[in-house]
Every structure is written in structure tokens, then in C-alpha cells.
Amino acid sequence: MTRTANVGARVIQLNTQDMLDTFAMREALEGMAARLAATTMPAEEVSSLYDLLDKHQAYLDDNQDEHYLQQGGNDDFHLRIIHASGNAKLIRLLTEELYAVIRMYRRHTADQRSDPRQALREHRAILDAIANHEGDLAELLMRRHISRASHLLQQAMEQIALVSP
């Protein structure tokens, strides 16, 4: 459901084109956030994010690779990078405008997606680039990570459409 000023709320229809459009925006904006975070994220936050990724690794090890997204960890990782960008407009666009829609698509396709260890490897590579203050690399890796997620979501949505009446 989305709310529009002076219009009210409306139900969002989940469809592949809307997801692709949303994730294209997310790819560009979160890529920018990762680049900015590489110059602004304090060492303590970098260390805290490494700890978070270690917890994700332990969760996967203990739960037969059940996707840790359901634990909120993936959101925490991405949102913490977004907030570390220090760009108030970017933070607002991502957290207030896009993330509610993104979460709906991810929940809708959670059962069809696989390989949470790949996502974790990508998160570590992004964080390594941020830790090393390599903004261009952090942006590139984040964009690739979200592009891959978009592709997987598209496949999952198409699979759901095949089995739905």
C-alpha cells in the first residue's frame, strides 16, 4: 500500500516491470550510498558491520543455509550503509520511498530465491571496499549485488506467475 498526500492510500500491484523499475533506482542510489560510505563510515561502524556479517555466517551455518533475510540482517546491512552515506536526501529516498516496496517484492519471492552464501560473499566484498576507502569499487560492487538480486527476483516472479492460476 502506498500513501499519497491529499489522495490517500492505494494497493500496490506486484508486477515484474514495477520491480525492475524499482530495483534500477535502488541500484543507482545504493551504489551512490556505498561510494559515499567509503569516505564517511567510521572505523567502529565498519567493525560493527563485519561483526554483523559474522553473525549472518553463523546463522547460515546453524540453519542449513536458510536465507538470513528473514532475520532482518540483510536490511540492517543495506540500511546501515545507506545511513553511513551521510546524504540526507539519499537516505530519505531509499528508506522512506523505496524500501517498503522493495521489502514487499523480497517477501513475495523469498521461497524461490537461493544461495544466501553468495549474497553474504557480496556483502563482505562491498564492506571490504568501504573499509579500504575505495568508493568507486564499493559503488560498483553494490550495483552488481543489487542487479543480481533484481535478476533473481525477476526469475522468482516469473516462476510464481507460471504456477499461479
Close side-chain approach of Asp61 and Arg117, heavy atoms under 4.5 Å:
yes
Start with the C-alpha distance between His78 and His145, add both sets of side-chain angles, then the distance that settles ring pair (Phe, Tyr, Trp, His ring centres under 6.0 Å), and finish with yes or no.
CA-CA 11 Å; His78 285 262; His145 173 64; 5.1 Å; yes
Between His56 and Leu53, is there a side-chain heavy-atom distance shorter than 4.5 Å?
yes
Arg26 with Asp21: basic N within carboxylate O range, under 4.0 Å
no
Calculate, to the nearest 0.5 Å, the distance between atoms CD and CD1 belonging to Glu97 and Ile102 respectively.
11.0 Å
Can you tell me how far the CD atom of Gln155 sits from the CG atom of Leu153, to the nearest 0.5 Å?
9.5 Å
Side chain His133, main chain Ala38, donor-acceptor under 3.5 Å
yes
With Glu134 via salt bridge (charged side-chain N to carboxylate O under 4.0 Å, His left out) - residues at least two apart
none
Closest non-hydrogen atoms of Leu141 and Ala125, given as atom of the first, atom of the second and distance, are CD1-O, 3.5 Å
Rounded to the nearest 0.5 Å, how far does CE of Met157 lie from CG of Asp18?
8.0 Å
Shortest non-hydrogen contact from Leu90 to Asn87?
N-OD1, 2.9 Å
With rounding to the nearest 0.5 angstrom, report the CG to CD distance, Leu52 to Glu45.
9.0 Å
Side chains of Gln154 and Glu158: does their closest heavy-atom pair fall under 4.5 Å?
yes
So, do Asp128 and Tyr50 sit near enough that their side-chain heavy atoms are less than 4.5 Å apart?
yes
Are Glu27 and Ser150 packed together at the side-chain level, in the sense that at least one heavy-atom pair is separated by less than 4.5 angstrom?
no
Atom pair CG (Asn15) and CG (Leu20), whose distance is rounded to the nearest 0.5 Å
9.0 Å
Counting only N and O atoms by type, is there a donor-acceptor contact under 3.5 Å from the side chain of Ser147 to the main-chain atoms of Arg143?
no
Should Leu93 and Leu98 count as side-chain neighbours, where that means a heavy-atom distance under 4.5 Å?
no
Report yes if some heavy atom in the side chain of Arg103 is under 4.5 Å from a heavy atom in the side chain of Tyr99; otherwise report no.
yes
Answer with yes or no whether the side chains of Glu122 and Gln118 bring together a donor and an acceptor at under 3.5 Å.
yes
Taking atom CZ of Arg144 as the centre, does the number of heavy atoms from other residues, nucleotides or ligands within less than 6.0 Å exceed 12?
no
Passes side-chain contact (heavy atoms from CB on, under 4.5 Å), Ile81 versus Leu49? Steps please.
CA-CA 9 Å; Ile81 289 174; Leu49 279 174; 4.2 Å; yes
Shortest non-hydrogen contact between Val46 and Ala131, atoms and distance:
CG1-CB, 3.6 Å
Regarding Tyr59 and Asp54, do their side chains bring together a donor and an acceptor under 3.5 Å, going by distance alone?
no
Under 3.5 Å, is there a donor-acceptor pair between the Ser85 and Arg35 side chains?
no
Side chain Thr40, main chain Leu36, donor-acceptor under 3.5 Å:
yes
If you look at every heavy atom in Ala33 and Ile82, which pair is closest and at what distance?
CB-CA, 4.0 Å
Atom CG of Leu60 and atom NZ of Lys55: how far apart are they, to the nearest 0.5 Å?
14.5 Å
